[in-house]
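Here is the structure we will look at, set down as structure tokens.
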Amino acid sequence: MTTEQPRANNEKHYPHTEVEAKWQKTWREKKTSATPVDPGADKYYVLEMFPYPSGRLHMGHCRVYSIGDAIARFLRMRGKKVLHPMGFDAFGLPAENAAIKHQVHPGDWTEKCISDMKDQFERMGFSLDWEREAVTCRADYYKWNQWFFIKMLERGLAYKKAAAINWCDTCQTVLANEQVEQGNCWRCGNAVTIRNLEQWFFKITDYADQLLNDLDKLSDWPESVKIMQRNWIGRSEGARVKFRLLPTGFQQGEAVPAAGATDETIEIFTTRPDTLFGVTFMSLAPEHPLVDSLVTGSDKEAGAKEFVAMVAQEDRFLRTAEGKEKEGFFTGRYAVNPVNGEAVPIYLANFVLMEYGTGAVMAVPAHDQRDFEFARKYSIPVKVVISPIPGSAGGPPASSVDEVLDSATMTAAYVDPGIMQSSAHFDGLPSEDAKPAIVSWLAERGLGEKTIQYKLRDWLVSRQRFWGTPIPIIYCDDCGAVPVPADQLPVTLPRDVQFTGSGNPLSGSSEFINVPCPKCGKQGRRETDTMDTFVDSSWYFLRYVDPLNSDEPFSKNAADAWMPVDQYIGGIEHAILHLLYSRFFTKVLRDLGLVNVDEPFQRLLAQGMVTNTYIDKNTGQLAVDENGRPKLAKMSKSLGNGVDPLEIIDQYGADTARLFILFAAPAEKELEWTDEGVNGCSKFLNRVWRLVHGTLDACEFAPEEAAALEPGNANDRELQFQVNRAIQRVGTEMGDRHHFNTSIAAIMELTNAIQTYLSSSHEFERMTLGFSVRALLLLLYPFAPHITSELWEKAGFDGAIEEQSFPAYDPKALEKDEVELALQVNGKNRSKVVVPSKASKEDIEAAALADERVQQFLEGRQPKKVIVVPGKLVNVVG
RNA sequence: GCCGAAGUGGCGGAACGGCAGACGCAGAGGACUCAAAAUCCUCCGUGGGCAACCACGUGUGGGUUCGAAUCCCACCUUCGGCACCA
């Protein structure tokens, strides 16, 4: 049974099901969301992060697309030429898992999901240009991934190397560093292990400085996202310093051989060259390539090998966790400190990472907490070379746990800047000044150099999975790794593949693997790794500008016309991964001459999660905190607290869902789902429905310009004021600040004002009333397009509502004849006074001082000062 | 530990140095109804008072200012990110 309302009731109750279906059909047929050609200077590119086609739209999707659609519809009314496209991030593991489970081809499964989701998109009423749809799993899209890969290979930006990489056993594939969270896989949450494999990388580190510096250009990005990216890139300024190795057999305390050390050096990276004179040992990563030659043949060989094996066995995340016991092993060898010629013992240490810096560290226990703990554990000397600045020297004294820095008694490292000591001719210098001085001293002697180090690592793009873009490489015994020639692209995924759940299905497809070498024609072997799906999403915004191009990924003209994306919207969870990769791709494409922009996304809105209460699995009750309040968590399958958008659409309609989503919280904050809140929005739309039905007579007299209204009586003028103020507020809240909740509040206030006007017992001024209703519909349209389209038509206004301009307000109507000012005495509210709005400061002051209550609170004192804030208040200080 | 964001009624939130609590939800009372739902009207920060009104009030403590939720300093709490990065 449907709950269709009888016709007679339609004026009282908004029949959302039939109205929404009607307008969705109209929009589809009229192609009202089509992208304008030749956008020119008015172009505006609104983009929301495209979804993975799971087959089901969830509330998070509804939120991000409701935000984007409100912006798109609003800006079209503002005269912008809007590009608002959509597509699907369609490669990835769920399709492959479905293939294993149901023995369907991932492509068939994915296309079915896409088709289902498009229906759901339409039911939400999003104004998307589906003719520009980009689907990453289709060969006409991923062909260009392969083309970019080859371009990157030509530029030395794609390369293959053996490396210790993150392996997820559940997903049966490797992961990029960015995809490891707290030692676990970003998608399945299982522990990541380390494997040594030959893998393809993109050299994102070549762009580290640009990715860092250009963050400063992104003035319309949230500061928090920029900071997260800065931290991820992790720039450190420091120095590389060479320590020469002493020959085998050198004993501690023995004089360093006059002829110096061997020719072999160990290079370290440090951010604290000012502490070089305090070096008392050195530590190497167990994986350091020199380890073997240091110990082979010595009595330390067996022990060292055992230590290396032990560390290698350890879980990498645990090994590098703070608080982890520092483990070391003395190699029996020494190196020479280049600044003072002292011999320092060389240790292996579990906390030194081969991937960062040079894999070797100079250790200064007096001024580095980690080195300090290590030194105390292994009874290595501590040498103080920096003393705290005395408090009197201007500026605060540096902090120190220990009152006196004595190597024997100190309990913690002193890590702050200070004054150099025990550092030869650098003594007495502030340590910050000594940094460059020591580096220059080293550089002059060829012992070291200034350098910049990043935490950012190259992007590992190989995946041992079927459902991704095949890496376009053919291995040949004679020619090595040969790229597939551009005219032979795309390398398409084979259809006849077995999905067994173990290993990469591509390795079992002889048709796919066995191909001739493009260079010499001999039998070759095709690469079976596919690309990380983040490659797909790193440039999809560029495909939308020219989606049907079969000769190029996109034409430069189209990119120049539309790029950058003016407003990008998506979840904060992509603050590092996707946004960093997209920025990298854009810069590479710029260097390839394909685009003119440095940055892809002008303005970024990171929307918050959608949360709900949930049932605690242990108690079977609503989960509550210690105060008995219901706990909130992100809507998820595992907690079972998701709300199905389709059910909400069925019950309340898409407009209600959209309105609630935008009204209940600011876009960047968490959105707490409440049925009561949804109901409130539904009530509001019904109120608008009835209100407009009750004023249809007046609508035919509605002027298009606010300035055309007659002044009328006080009631009329008040409504004119309210409607003009609402237009002004929604204009700035939407246009400048993207505050959807306060925009909707302003529209509700206008609705209340019209209702108040109607319930006042006087004759209605039909132009004023009609104009107010007309404006109400226009203001509400970007948030609730279906109901406003229907009411616009019912009211008999000209044209379709989506073709209308956003209304202009009349500044004159915002000026009132009289204003009420708050009267304060010494900053406390004491009274009110009504004055003509054009009253002079002197008149206002006089009115304030004449006020009885002001006099009373002055208690006979003479006012010392009177502050007049026009239109707001008067503060009498006395 | 470091970096960042945020702390405002019973709840979501508003207020870009100028009347704190807009708008909405929940709640209370009333109207309509046989009744319920829906709808409409009124009230709704705390304490005192019959009332007009008074005092207090934006995490805590200071400061700047005629005036601070808003700016500055210190601290507390919550959330998010990073975390032995040399």
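In the text below, chain A, chain B and the rest are named by the order of the sequence lines, each starting its count at 1. Worth knowing before you read on, the calculation uses all heavy atoms, side chains too, and leaves out hydrogens, waters and symmetry mates. Remember, predicted model here, so these are calculated numbers, not experimental data.
Under 3.5 Å, the side chain of A:Arg370 and the base of B:A86 form at least one donor-acceptor pair of N or O atoms. Remark: the A:Lys326 side chain and the B:C84 base include a donor-acceptor N/O pair separated by less than 3.5 Å.
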Base-pairing string, 5' to 3', of RNA chain B - Watson-Crick or wobble, under 3.5 Å, | interstrand: (((((((..(((.....[....))).(((((.......))))).((((....))))..(((((..]....))))))))))))....
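Here the side chain of A:Trp232 is nearest to one of B:A83, B:C23, B:G81, namely B:A83. Closest contact between the side chain of A:Glu672 and the listed nucleotides B:C66, B:C85, B:G12 involves B:G12.
Between the side chain of A:Asn350 and the main chain of A:Val311, no donor-acceptor pair closer than 3.5 Å is present. The backbone N or O of A:Arg853 sits nowhere less than 3.5 Å from a side-chain atom of A:Arg830 that would complete a donor-acceptor pair. Although no hydrogens or angles enter the test, the distance criterion places a donor-acceptor pair under 3.5 Å between the side chain of A:Asn826 and the main chain of A:Gly878. Of the possible donor and acceptor atoms, one in the side chain of A:Gln607 sits under 3.5 Å from a partner among the backbone N and O of A:Gly571. Here the side chain of A:Arg63 pairs a donor or acceptor atom with the backbone of A:Gly608 at under 3.5 angstrom. A:His288 contributes no side-chain N or O that, together with a main-chain N or O of A:Ala360, makes up a donor-acceptor pair within less than 3.5 Å. A:His367 places a side-chain N or O within donor-acceptor distance of the main-chain N or O of A:Tyr414, the cut-off being under 3.5 Å. Without hydrogens or angle criteria, A:Arg690 side chain to A:Val688 main chain gives no donor-acceptor distance under 3.5 Å.
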Give each protein N/O atom lying under 3.5 Å from an N/O atom of nucleotides 45-49 of chain B, with the pair distance.
none

Provide a list of protein-nucleic acid N or O atom pairs under 3.5 angstrom, restricted to nucleotides 38-44 of chain B.
from, atom 1, to, atom 2, distance (Å)
B:U39, O3', A:Arg690, NH2, 3.4

Atom pairs under 3.5 Å, N or O on each side, protein against nucleotides 17-19 of chain B: can you list them with distances?
from, atom 1, to, atom 2, distance (Å)
B:C19, O3', A:Asn829, ND2, 2.9
B:C19, O2, A:Lys832, NZ, 2.0
B:C19, N3, A:Lys832, NZ, 2.9

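Looking at residues two or more places apart in sequence or on another chain, you find a salt bridge (charged side-chain N to carboxylate O under 4.0 Å, His left out) between A:Glu432 and A:Lys435. The ring-ring contact (aromatic ring centres under 6.0 Å, His included) check on A:Phe281 picks up A:Tyr347, A:Phe374, with sequence neighbours excluded. Residues satisfying the ring-ring contact (aromatic ring centres under 6.0 Å, His included) test with A:Trp232, not counting sequence neighbours, are none.
At the heavy-atom level, A:Ser283 lies nowhere under 4.0 Å from the strands shown. Contacts of A:Arg830 with the nucleic acid, taken as non-hydrogen atoms under 4.0 Å apart, involve only primed sugar atoms and P, OP1 or OP2. Counting any heavy atom pair closer than 4.0 Å across all strands shown, A:Val361 reaches a base atom. Within the 4.0 angstrom heavy-atom criterion, only backbone atoms of the sugar-phosphate kind lie near A:Phe857; the bases stay farther away. Residue A:Gly680 is in sugar-phosphate contact alone, with no base atom involved, counting any heavy-atom pair closer than 4.0 Å across all strands shown.
Shown for residues 657-666 of chain A: residues whose heavy atoms fall under 4.0 angstrom of RNA chain B, namely A:Phe663, A:Ala664, A:Pro666.
The separation of B:U46 from B:G9, taken at their C1' atoms, amounts to 9 Å, rounded to a whole angstrom. If you take atom P in B:A74 and the same atom in B:C3, they sit 12 Å apart, rounded to whole Å. For the C1' atoms, the distance linking B:G7 with B:G13 amounts to 13 Å, nearest Å.
A:Glu670 has its CD atom 8 Å from the C1' atom of B:C79, to the nearest Å. The CD-C1' distance, from A:Glu749 to B:C23, rounds to 6 Å in whole Å. Between A:Lys828 atom NZ and B:G67 atom P the separation is 11 Å, expressed in whole Å. For A:Met354 and B:C85, the CE to P distance is 17 Å, given to the nearest whole Å. Between the CD atom of A:Gln369 and the C1' atom of B:C2 there is a distance of 14 Å, given to the nearest Å. When the C1' atom of B:A68 is taken as reference, atom CG of A:Asn826 falls 16 Å away, rounded to whole Å. Distance CZ (A:Arg725) to P (B:A22): 13 Å, rounded to an integer number of Å. In this structure, A:Lys669 places its NZ atom 13 Å from C1' of B:C11, rounding to the nearest Å.
Using cut-offs of 30° and 60° on the angle between ring planes, the pair A:Tyr14 and A:Trp689 is tilted.
In this structure, A:Lys377 and A:Glu373 have side chains that are not in contact, with every pair of non-hydrogen atoms separated by 4.5 Å or more.
Look at A:Asn752 and you'll find a side-chain N or O under 4.0 angstrom from OP1 or OP2 of B:G24. Between A:Arg853 and the phosphate of B:C54, there is a side-chain N or O to OP1/OP2 separation shorter than 4.0 Å. Of the side-chain N and O atoms in A:Ser236, one or more sit less than 4.0 angstrom from OP1 or OP2 of B:A86.
Comparing A:Phe269 and A:Thr674 by the nucleotide of RNA chain B that holds the closest heavy atom to each, the one mapping nearer the 5' end is A:Thr674. Residue whose closest nucleotide on RNA chain B sits further toward the 5' end, between A:Thr358 and A:Asn741: A:Asn741.
Checking A:Glu852 against A:Gln856 by side-chain atom types alone, no donor-acceptor pair falls below 3.5 Å. Using a 3.5 Å distance cut-off with no hydrogens or angles, the side chains of A:Glu267 and A:Thr358 do not pair a donor with an acceptor.
Under the salt bridge (Lys or Arg N to Asp or Glu O under 4.0 Å) criterion, the residue pairs touching residues 741-753 of chain A are A:Arg725-A:Glu749, A:Arg729-A:Glu749, with sequence neighbours excluded. The list of salt bridge (Lys or Arg N to Asp or Glu O under 4.0 Å) pairs with a residue in residues 866-878 of chain A, not counting sequence neighbours, is empty. The side chain to side chain donor-acceptor pair (under 3.5 Å) contacts involving residues 268-282 of chain A comprise A:Arg272-A:Asp274, where partners must be two or more places apart or lie in separate chains.
B:G47 adopts an anti glycosidic conformation, its chi angle falling more than 90° from 0.
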Would you give me the side-chain donor-acceptor pairs under 3.5 Å for residues 668-679 of chain A, sequence neighbours excluded?
from, atom 1, to, atom 2, distance (Å)
A:Trp673, NE1, A:Asp675, OD1, 3.4
A:Thr674, OG1, A:Gly677, N, 3.0

